[in-house]
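I have placed the structure first, in the form of structure tokens, so that the comments after it can refer back to it.
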Protein chains: 2
Amino acid sequence: MGRKRTKSGKIRLAEVAELAGVSPITASRFFRNPEALSVAKRTRVDSAAKELGYVPNLAARALASQRTEVIGVLIPSLTNNVFSDVLRGIYDASENSRYSIQLSNTRYSILQEEKLLRLFLAQKPAGLIVTGIDQTTESRAMLDAADCPIVQIMEIGPNPVDMMIGFSHYDAARAAIAHLFAQGHRKIGFVGARMDPRVQRRLDGYVSAMKDAGLFEQRLVVTTATPTSVTLGGALFTDLLAREPGMDAVFCANDDLALGVLFECRRREIAIPEQIAIVGFNDLEFMASAVPTLTSVRTNRYEMGNTAATMLIDAIDGRRPEHPVLDLGFKVIERQSSSARRSDNRPAVSGAGAANKMVALPSGHD
Amino acid sequence: MGRKRTKSGKIRLAEVAELAGVSPITASRFFRNPEALSVAKRTRVDSAAKELGYVPNLAARALASQRTEVIGVLIPSLTNNVFSDVLRGIYDASENSRYSIQLSNTRYSILQEEKLLRLFLAQKPAGLIVTGIDQTTESRAMLDAADCPIVQIMEIGPNPVDMMIGFSHYDAARAAIAHLFAQGHRKIGFVGARMDPRVQRRLDGYVSAMKDAGLFEQRLVVTTATPTSVTLGGALFTDLLAREPGMDAVFCANDDLALGVLFECRRREIAIPEQIAIVGFNDLEFMASAVPTLTSVRTNRYEMGNTAATMLIDAIDGRRPEHPVLDLGFKVIERQSSSARRSDNRPAVSGAGAANKMVALPSGHD
DNA sequence: GTCTGTGCTGGTAGCGCTGTCAACGTTCCT
DNA sequence: AGGAACGTTGACAGCGCTACCAGCACAGAC
């Protein structure tokens with residue numbers, strides 16, 4: 001005999017089945033596919049389970065069925081506000097499903113991502129959510145070979161592994177620059193940190209828009225691999241000013257940098273938007289509250305996470321979406337920091353969030 | 001016969017054992033307790049596993065050993081910056097262990113927490129990290145009965161379930177008020193949002209400090225159950241000003257609110273700190289970068305998460321900490337927003353983060 | 001009346017791993 | 001020399017659940 005058996009009050013499926021007067025396998029089916037049972041047995045098993053307080057043993061289920069009910073999520077950062085919104089969307093969507101989330105942090109390293117992917121795949125996840133479209137060749141091969149649904153989030157691009165949900169960072173950046181052009185700005189600087197693939201594509205969008213207008217100059221671009229922060233925004237802006245004092249606008253690759261630029265302008269007594277306009281990216285909550293209020297490109301982060309998880313769960317359950325690639329678009333939220341240069345046009349300083357105009361643009365139509 | 005067997009190239013422990021020329025159980029031990037093997041077999045199993053690319057099946061392990069290698073984490077919010085720092089600490093600490101993190105969001109509801117706790121406990125987690133000390137009676141009973149190590153994080157208090165790591169929000173708030181008193185402020189307002197237990201204790205600390213000085217007035221306190229935001233900071237401050245125009249300082253229960261107050265002051269052309277001083281809570285990164293730089297109470301969020309997970313893993317592995325209750329303390333970081341009222345004393349406006357003075361205080365000694 | 005199809009149910013045989021215990025070889029005592 | 005003590009190894013028997021297949025009852029088709 002192995003070990004001590006029938007340990008204290010442990011409720012197994014067999015106990016439930018016995019109380020309900022059915023075979024264990026029938027009870028098992030009740031939990032996975034109740035419709036397959038006759039109504040009579042269904043209610044019997046149901047009440048037996050409730051009476052005994054039965055909780056299925058997930059490990060045994062996973063072992064026997066050769067698959068888990070785990071959704072693996074690979075994101076590059078836990079600090080970034082952007083990802084916390086996405087994550088919240090994912091967790092919310094998974095909450096009332098039978099799937100649980102297994103989260104891992106790649107720290108913006110595609111090698112780390114590859115390692116984690118190998119780990120995840122070995123446990124046969126029910127589905128996978130991965131960030132972005134820039135995997136290593138090896139990772140890509142693993143994803144292609146994986147026998148579970150996969151959603152790539154944060155951006156859209158060619159050759160999806162499976163499903164994809166995001167927006168075009170390139171188009172979003174172009175829209176931001178187009179907005180600045182429309183307000184009469186010409187010498188527009190770019191400030192970027194971390195320079196992960198998505199920030200790089202925002203830079204690409206900026207460069208192409210500036211080139212299209214014949215206004216591109218390399219010295220208008222200041223970037224760093226350092227992780228983003230408000231303080232860094234001020235520092236990068238300082239560099240930019242030193243290179244090009246005549247600049248009349250700055251496009252910041254994210255809102256933290258934009259806030260840093262705002263504070264730096266305040267320190268230097270540079271008037272916004274009269275002397276320099278500011279546009280950020282993501283439209284975090286504080287942008288509408290700053291003084292002056294800060295223009296930004298709104299992205300649908302919560303919705304992205306939520307929809308990704310919902311699509312994934314649907315796909316796992318056999319309901320594949322009609323369109324595997326979903327463009328969530330973006331909106332340029334025009335605020336005081338980028339009003340037209342003529343100061344008489346500047347909205348009166350008033351309550352936070354006042355005077356927001358919105359320009360909605362699905363990606364791909366800038 | 002059951003189902004199709006020996007599915008394509010699936011590497012099991014048995015295969016590794018066979019290649020290494022040992023029994024499966026010996027190979028099993030290699031992965032759990034390598035020191036128990038002779039050096040010769042250890043290297044044989046090691047190279048066999050590497051050669052075959054063996055990855056253990058966690059479900060089988062969990063089923064056979066009757067325990068999982070999952071650490072359950074219950075936090076009240078995924079949005080809050082505070083928790084993303086804590087989480088990062090937890091994930092970092094778990095990364096090189098064999099434990100994986102199972103995260104759930106209680107959304108600041110102790111009923112939801114109870115429900116999730118029941119769910120977690122049913123899966124026999126290796127350990128548990130829970131937020132705060134305000135559980136339902138039922139939750140508390142489950143925690144007391146749980147046969148795994150438990151760490152309560154974010155604050156310290158009497159009657160720990162098991163281990164506890166945090167600091168005294170009460171003392172931290174008192175220290176912030178003491179700092180404002182020292183700068184000559186007397187009519188100090190309190191602005192708080194969400195009013196979860198920890199914010200409530202900060203309020204309690206504020207009230208006690210004010211009462212000790214004979215300065216407490218109910219109308220100096222403005223709170224709301226609404227989740228915190230920068231915009232809300234401005235709105236609450238507006239309320240406060242309407243009630244008590246003569247106020248000379250505001251203690252904000254968190255930094256988002258403080259930033260909102262800063263912007264609102266800017267909108268109203270109230271000079272900081274000459275007319276009103278501001279002190280925030282948590283010392284998020286932007287506080288050092290704002291104009292003026294904002295005083296805050298620094299809390300060790302990353303360290304808290306990291307230490308909690310480390311302690312928990314050590315305890316799971318049988319190395320219980322000497323002191324089960326760890327006070328991580330706090331520091332009042334004095335910046336421009338709360339400099340002494342005489343304006344000649346005000347630090348020159350200079351680079352971000354300049355002129356930080358620090359006052360370190362372990363909780364319990366204010 | 002026989003045959004086929006459909007819906008529901010149950011028996012059998014594992015999924016891949018580890019707890020337990022026994023057994024072995026070696027060293028160190030007395 | 002005998003035996004205890006230790007370190008190392010292996011055989012066995014499951015952990016709790018589900019895949020697979022078979023069987024049964026009943027309905028409809030021929």
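Here is how names work: the chains are called A, B, and so on, in the same order as the sequence lines, proteins then strands, and each is numbered from 1. Only heavy atoms go into these numbers, but all of them, side chains included; no hydrogens, no water, no symmetry mates. Not measured: the values here are computed from a predicted model.
In plain terms, the two heavy atoms of B:P125 and B:L128 that are nearest each other are CG-CD1, 3.9 Å.
Using modelled atom types, one side-chain atom of A:T43 and one backbone atom of A:A40 make a donor-acceptor pair closer than 3.5 Å. Side-chain atoms of A:S100 never come within 3.5 Å of backbone atoms of A:V70 as a donor-acceptor pair (strictly under, hydrogens ignored). Checked by atom type and distance alone, the side chain of A:T307 never pairs as donor or acceptor with a backbone atom of A:M304 at under 3.5 Å. Put simply, the side chain of A:T68 never gets that close to the backbone of A:A62: no donor and acceptor are under 3.5 Å apart. Listed for the B:Q152 side chain is a donor-acceptor partner under 3.5 Å among the backbone atoms of B:V161. Using modelled atom types, one side-chain atom of B:N300 and one backbone atom of B:L328 make a donor-acceptor pair closer than 3.5 Å. At least one donor-acceptor pair under 3.5 Å links the side chain of B:N80 to the backbone N or O of B:V82.
Distance CD (A:E69) to C1' (D:dC17): 12 Å, rounded to an integer number of Å. We find that CG of A:L63 is positioned 4 Å from C1' of C:dC15, with the value rounded to whole Å. Rounded to an integer number of Å, the gap from CZ of B:R12 to C1' of C:dC17 is 11 Å. Per the geometry, CZ belonging to A:R44 stands 14 Å off C1' belonging to C:dG10, to the nearest Å.
Residues meeting the side chain to side chain contact (heavy atoms under 4.5 Å, CB included) test with B:E69, sequence neighbours left out: B:R61, B:R98, B:Y99. Under the ring-ring contact (aromatic ring centres under 6.0 Å, His included) criterion, A:Y54 pairs with A:F31, sequence neighbours left out.
An angle of 40°, rounded to 10°, separates the two end axes of the helix from C:dG1-D:dC30 to C:dT30-D:dA1, each defined over five pairs.
Remark: A:V22, A:S23, A:I25, A:T26, A:R29, A:A36, A:L37, A:S38 in residues 20-40 of chain A come within less than 4.0 Å of DNA chain C through at least one heavy atom. Residues from residues 45-58 of chain B that place a heavy atom under 4.0 Å from any atom of DNA chain C, listed by number: B:Y54, B:P56, B:N57.
The side chain of A:K41 lies closest to C:dT9, out of D:dG16, C:dT9, C:dG16. With D:dA19, D:dT18, C:dC15 as the choices, the nucleotide that has an atom nearest any side-chain atom of A:L13 turns out to be D:dT18.
Not one side-chain nitrogen or oxygen of A:R67 sits closer than 4.0 Å to the OP1 or OP2 atom of C:dC15. Note on B:Q66: every side-chain N or O is 4.0 Å or more away from OP1 and OP2 of D:dG14.
The residue A:R42 sits apart from the nucleic acid: no heavy atom pair falls under 4.0 Å.
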Check nucleotides 22-27 of chain D for protein N or O atoms closer than 3.5 Å to its own N or O atoms and list the pairs.
none

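One finds a salt bridge joining A:D46 and A:K50 here, because a Lys/Arg side-chain nitrogen approaches an Asp/Glu carboxylate oxygen to under 4.0 Å. With salt bridges taken as basic N to acidic carboxylate O contacts below 4.0 Å, none links A:R67 and A:D147.
Atom CD of A:Q123 is surrounded by more than 12 heavy atoms from other residues, nucleotides or ligands within 6.0 Å.
To the nearest 0.5 angstrom, B:R88 atom CZ is 9.0 Å from B:R301 atom CZ.
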